[in-house]
K.L.:
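First, the structure itself, so that you have it in front of you.
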Amino acid sequence: MSEVSKSLDFIRTIVTEDLKNNKNNGRVMTRFPPEPNGYLHLGHSKSICLNFGIASEFGGVCNLRFDDTNPCKEDIEYVESIQEDIKWLGFDWEDRLYYASDYFDQMYQYALQLIKDGKAYVCNLNAEEIRHYRGTLTESGKESPYRTRSIEENLSLFERMKRGEFEEGTCVLRAKIDMTSPNINMRDPTIYRIRKAEHHRTGNKWCIYPMYDFAHCISDATEGITHSICTLEFEINRPLYDWYLDQLPVPCHPQQIEFAKLNFTRTIMSKRKLLRLVKEGHVSGWNDPRMPTLAGARRRGYTAEAIRNLCDMVGVAKSNSVVDIALLEHCIREDLNKKALRVMAVLKPLKVIIDNYPENQVEELEAVNNPEDPNSGTRKIPFSRIIYIEQDDFREDPPKGYFRLSPGREIRLKHAYYIKCNSVIKDELTGEIKEVHCTYDPETKGGWSTDGRKVKGTSHWVSAPHSIEAEVRLYDYLFLDVKAGEEEETSDFMERLNPNSLEILKKCRLEPGLKEAKTGISYQFLRQGYFCVDSVDSLPDKPVFNRTVSLRDTWAKIEKSQK
RNA sequence: UGAGGCGUCGCCAAGCGGUAAGGCACUGGAUUUUGGAUCCAGCAUACGCAGGUUCGAAUCCUGCCGCCUCAGCCA
């Protein structure tokens, strides 16, 4: 944080206040409670940064707790990926790794307590009947005929539920609250349901599983959480959170605080929808670089620091918000600009022959590794008579404002020489430009001229015989832009899938040093963008690079506006 | 026609009765061996709307309007 005093968000204001009043004896404990039913995504990073961030800022700790109360949806694959992602983001739960299932025995005891106190009952209405009895948003519900069972009968029935004597769906344990409550969550919510499924941690020990509202508040209280931070949609559940804790002899009563989750334009964050993209094969997996998952972001080359900074910049509030994806990209560029090694790579090669350069001569030219980082040093790159430049860097018939290479014009080759185009050789049949012939000025070695001559354009290049071949994958948004006024809900989100979200370039030519490129390191392909070695598909003799994000491209913008 | 939230620039978001921070985006210009980066400038007489209180209101009061969440034996 800078010296400019940043005002506290509303949650940090609450924590500050609580500390001042010595609430919780000055203790701060938060938790990040993912359900292991999918991979973590950018949206979760806001919650992770918030919970771990607040804990560390206020001298507290943050627990990691898997909310694993539904054995039908959860999987060990997810508990592993979630831990990996949180560590990668830069946070540490130390030895405080918990599972809601750790507390199943305790929860069962609390359920018994509610029954004994006449505050819970076993209900034999089926799901449809329960829905019917619950009433609607505007009509109050009516009481279940099983609501008045005796404590003894409830105890016995609940015991038999636990022993597996009843089939799934035949009965549930319900809290006895108020069927006329204007808050539907308070109309005798379900506490336990029967699920004869194997749980990834408790195996077959249980065939009854607690519902979220019951399990979550008890887990929080058991761990001694002080501030239970969750997203806006749980606001309506807060009275129930408080009700359970008020009825039970729990060690403490955490405060639930809700904030608006993070959404981005042109992406989806719903785990259900992301799962569908994976299952239907629209992406290569949860870690496809186009996915908003942390695994995908990491593979694409996004850095943890950039994501943390983004979370800091978007702030924390209660209004539903959709952040412009451009802000994410800004944060990535801002971070990578400081860190990335500059290299030259020609993505769509165009052969250039420098006619006056000696045939077998090769020069080793010096190039700076990162002008933003004086400690990054320099490297040598080979230069020879035949080079490749970007197809985009040559126009036979240049438009207004174009200051790259074209017949009769001179440009600078970065770190090398000025070259001037003399002629173009085209395919007689297709008219496609096959090669461009130039002459170089030996007096401009390094890219400087002593006569005050100026060139407007500077191109990147590679020496044709020295360069290595690589595959480069360019990514675009997974979803098309939502047009103004377009009803998002009326159409299936799959209809908005961008058919061109992946462009694969197979014959790219890179400067030879990139043979040594390693995963986990970001490179700036000069004038193009930030790239990294693909951690899954890249092979030593067949390198694959991912474009993390392009550089800002003012010329592309100008050109587009001219059309 | 229920309850709970939220409405400040295109997008986030400060502000908490004393006369609208900041970031992104956008637009100019400087600079530049990346049309990158950097720098400088511009960008809400205005805070959903309408009344009211006050010397003074985005901030307080009243009434409207709009959007979001809730009717899983999901979380």
Side-chain angles (χ1 to χ4, degrees), chain A residues 4 6-9 33-35 37 67 69-70 72-73 123 125-127 130-132 134-141 168-174 181-187 189-195 208-209 211-213 215-216 230-239 258 260 262 264-265 271-272 312-331 333-334 337-338 342 344 367-368 371-372 401-404 412-416 418 444 446-448 455-460 524-529 550-559:
Chain A
V4 182
K6 198 179 161 189
S7 64
L8 297 176
D9 60 64
E35 182 188 11
N37 69 342
D67 211 341
T69 58
N70 186 353
C72 308
K73 289 187 174 178
C123 181
L125 254 23
N126 64 35
I130 285 186
R131 192 186 325 127
H132 185 70
R134 185 158 32 225
T136 67
L137 294 177
T138 51
E139 304 158 47
S140 86
E168 284 186 18
T170 54
C171 57
V172 292
L173 182 70
R174 289 227 257 167
S181 171
N183 181 343
I184 289 187
N185 289 287
M186 301 300 272
R187 320 238 264 228
T190 303
I191 301 174
Y192 268 94
R193 78 289 211 189
I194 299 169
R195 283 282 175 277
I208 55 172
Y209 291 91
M211 297 289 289
Y212 164 82
D213 290 295
H216 199 258
C230 63
T231 46
L232 247 29
E233 67 267 29
F234 293 102
E235 207 154 26
I236 198 86
N237 297 54
R238 190 179 350 126
E258 310 85 10
L262 178 58
F264 286 108
T265 55
K271 278 198 272 187
R272 203 195 89 246
D312 215 45
M313 287 176 79
V314 296
V316 181
K318 292 193 71 157
S319 62
N320 282 310
S321 58
V322 181
V323 174
D324 192 335
I325 193 75
L327 181 61
L328 201 214
E329 294 175 353
H330 167 263
C331 290
R333 291 188 183 110
E334 185 182 47
N337 179 48
K338 294 179 295 190
R342 269 60 171 178
M344 294 199 284
V368 297
E372 305 292 325
Y402 185 86
F403 47 82
R404 277 115 95 148
R412 167 170 43 235
L413 294 176
K414 181 84 177 174
H415 306 307
Y418 286 8
T444 58
W448 302 96
V455 288
K456 287 279 275 197
T458 300
S459 281
H460 55 97
Q524 186 196 96
F525 287 4
L526 232 51
R527 305 205 302 135
Q528 307 198 86
S550 67
L551 247 31
R552 291 184 59 196
D553 190 346
T554 309
W555 167 243
K557 209 180 285 176
I558 292 168
E559 204 177 22

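In what follows, chains carry the letters A, B, and so on, assigned in the order in which the sequence lines appear, proteins first and then strands, with residues in each chain numbered from 1. Values reported hereafter were calculated over all heavy atoms of this structure, with side chains retained and with hydrogens, waters and symmetry mates removed.
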K.L.:
Identify whether any heavy atom of Thr554(A) sits under 4.0 Å from a base atom; if not, whether one sits that close to sugar-phosphate; answer base, sugar-phosphate or nothing.
P.N.:
sugar-phosphate

K.L.:
Look at the side chain of Gln524(A) and the base of U34(B), then say whether one donor and one acceptor between them are separated by less than 3.5 Å.
P.N.:
yes

K.L.:
Please report the distance separating the C1' of G36(B) from the corresponding atom of C74(B), rounded so that it comes out in whole Å.
P.N.:
47 Å

K.L.:
If you measure from the P atom in A3(B) to the same atom in C9(B), how many Å do you get, rounded?
P.N.:
29 Å

K.L.:
Does any part of the side chain of Lys414(A), heavy atoms only, come nearer than 4.5 Å to the side chain of Arg527(A), both counted from C-beta?
P.N.:
no

K.L.:
Which whole-number value in Å describes the distance from Leu262(A) CG to C11(B) P?
P.N.:
16 Å

K.L.:
Could you check which nucleotide pairs with C70(B) in any of the strands shown, counting Watson-Crick or G-U wobble with both distances under 3.5 Å?
P.N.:
G2(B)

K.L.:
Using whole Å, report how far CD1 of Ile325(A) lies from C1' of C12(B).
P.N.:
13 Å

K.L.:
Considering every strand and a 4.0 Å limit on heavy-atom distances, what is the contact class for Glu329(A): base, sugar-phosphate, or nothing?
P.N.:
nothing

K.L.:
Taking the C1' atom in each of G66(B) and G28(B), what is the distance between them to the nearest angstrom?
P.N.:
37 Å

K.L.:
So, the side chain of Arg187(A) versus the backbone of Ser181(A): is there a donor-acceptor pair under 3.5 Å, distance only?
P.N.:
yes

K.L.:
Check whether any side-chain heavy atom of Met211(A) sits under 4.5 Å from a side-chain heavy atom of Val172(A), and report yes or no.
P.N.:
no

K.L.:
Using purine N1 to pyrimidine N3 plus N6-O4 or O6-N4 for Watson-Crick, or N1-O2 and O6-N3 for G-U wobble, both under 3.5 Å, which nucleotide pairs with G7(B)?
P.N.:
C65(B)

K.L.:
Using Watson-Crick or G-U wobble geometry with both distances under 3.5 Å, which nucleotide pairs with U53(B)?
P.N.:
none

K.L.:
Identify each atom pair where a protein N or O and an N or O of nucleotides 42-44 of chain B are less than 3.5 Å apart, giving names and distance.
P.N.:
none

K.L.:
Please round to the nearest 0.5 Å and tell me the distance separating atom CZ of Arg193(A) and atom CD1 of Ile208(A).
P.N.:
10.5 Å

K.L.:
Across all strands shown, which nucleotide pairs with A46(B) by Watson-Crick or G-U wobble geometry, both distances under 3.5 Å?
P.N.:
none

K.L.:
Distance between the C1' atoms of G22(B) and C6(B), in whole angstroms?
P.N.:
22 Å

K.L.:
Salt bridge between Glu258(A) and Arg238(A), side-chain N to carboxylate O under 4.0 Å?
P.N.:
yes

K.L.:
Considering only heavy atoms from C-beta outward, does the side chain of Val368(A) approach that of His415(A) to under 4.5 Å?
P.N.:
yes

K.L.:
Measuring only the P atom in each nucleotide, how far is G15(B) from A21(B)? A whole number of Å is fine.
P.N.:
13 Å

K.L.:
Give Phe403(A) one of three labels, base, sugar-phosphate or nothing, depending on what nucleic acid heavy atoms sit under 4.0 Å from its own.
P.N.:
base

K.L.:
Return the nucleotide paired to G28(B): Watson-Crick means purine N1 to pyrimidine N3 with N6-O4 or O6-N4, wobble means G-U with N1-O2 and O6-N3, both under 3.5 Å.
P.N.:
C40(B)

K.L.:
Regarding His460(A), tell me which of base, sugar-phosphate or nothing describes its non-hydrogen contacts under 4.0 Å with the strands shown.
P.N.:
nothing

K.L.:
Heavy atoms under 4.0 Å, any strand shown: does Val455(A) hit a base, just sugar-phosphate, or nothing?
P.N.:
nothing

K.L.:
Using whole Å, what does the distance between atom C1' of nucleotide A37(B) and atom CH2 of Trp555(A) come to?
P.N.:
21 Å

K.L.:
Quick one: does Val323(A)'s side chain get under 4.5 Å of Leu328(A)'s, heavy atoms only?
P.N.:
no

K.L.:
Mind checking the P distance from A58(B) to C49(B)? Whole angstroms is fine.
P.N.:
11 Å

K.L.:
Tell which nucleotide pairs with G17(B), taking only Watson-Crick or G-U wobble pairs whose two distances are both under 3.5 angstrom.
P.N.:
none

K.L.:
Any non-hydrogen side-chain atom of Phe264(A) less than 4.5 Å from a side-chain atom of Ile325(A)?
P.N.:
yes

K.L.:
Taking only side-chain nitrogens and oxygens of Thr265(A), does any of them come within less than 4.0 Å of OP1 or OP2 of C11(B)?
P.N.:
no

K.L.:
Just how far, in rounded Å, is P of G36(B) from CE of Met344(A)?
P.N.:
18 Å

K.L.:
Hey, is the main chain of Gly169(A) close enough, under 3.5 Å, to the side chain of Asn126(A) for a donor-acceptor pair?
P.N.:
no

K.L.:
Which part of the nucleic acid does Lys318(A) contact within heavy-atom distance under 4.0 Å: base, sugar-phosphate only, or nothing?
P.N.:
sugar-phosphate

K.L.:
Taking for each residue the nucleotide of RNA chain B bearing the nearest heavy atom, is the 5' side occupied by Leu551(A) or by Val323(A)?
P.N.:
Val323(A)

K.L.:
How long is the line joining CZ of Arg238(A) and P of A3(B), in whole Å?
P.N.:
17 Å

K.L.:
Can you tell me how far P in U27(B) sits from the matching atom in G10(B), rounded to whole Å?
P.N.:
16 Å

K.L.:
To the nearest 0.5 angstrom, please state how far the NE2 atom of His460(A) sits from the CD atom of Gln524(A).
P.N.:
10.5 Å

K.L.:
Applying salt bridge (charged side-chain N to carboxylate O under 4.0 Å, His left out), can you list everything that pairs with Arg404(A), at least two apart in sequence or on another chain?
P.N.:
Asp393(A)

K.L.:
Indicate, with a heavy-atom threshold strictly under 4.0 Å, whether Tyr402(A) touches base, sugar-phosphate, or nothing.
P.N.:
base

K.L.:
Encode nucleotides 66-75 of chain B as B, S and - characters from 5' to 3', where the letter depends on protein heavy atoms closer than 4.0 Å: B to the base, S only to sugar-phosphate, - to neither.
P.N.:
--SSBBSBBB

K.L.:
Excluding sequence neighbours, so at least two apart, what forms side chain to side chain donor-acceptor pair (under 3.5 Å) with Thr458(A)?
P.N.:
Arg412(A)

K.L.:
Quantified in whole Å, what is the P atom distance between nucleotide A25(B) and nucleotide C65(B)?
P.N.:
39 Å

K.L.:
Of the nucleotides U34(B), A37(B), C6(B), which has the atom closest to the Asn337(A) side chain?
P.N.:
A37(B)

K.L.:
Would you kindly give the CZ-to-P distance between Arg527(A) and U32(B), to the nearest whole Å?
P.N.:
18 Å

K.L.:
For Glu233(A), what residues pass the side chain to side chain donor-acceptor pair (under 3.5 Å) criterion, not counting sequence neighbours?
P.N.:
Thr231(A), Lys261(A)

K.L.:
Does G28(B) adopt a syn or an anti glycosidic conformation, taking syn as a chi angle within 90° of 0?
P.N.:
anti

K.L.:
Can you tell me the pairing partner of U34(B) across any strand shown, Watson-Crick or G-U wobble, with both distances under 3.5 angstrom?
P.N.:
none

K.L.:
Just say parallel, tilted or perpendicular for the rings of Tyr402(A) and Trp555(A), cut-offs at 30° and 60°.
P.N.:
perpendicular

K.L.:
In the structure I gave you, are the side-chain heavy atoms of Cys230(A) and Glu235(A) within less than 4.5 Å of one another anywhere?
P.N.:
no

K.L.:
Check every strand shown and say whether Gly141(A) touches a base, only sugar-phosphate, or nothing at a heavy-atom separation below 4.0 Å.
P.N.:
nothing

K.L.:
Heavy atoms under 4.0 Å is the rule here; annotate nucleotides 17-28 of chain B 5' to 3' with B where the base is hit, S where only the sugar-phosphate is, and - elsewhere.
P.N.:
------SSSS--

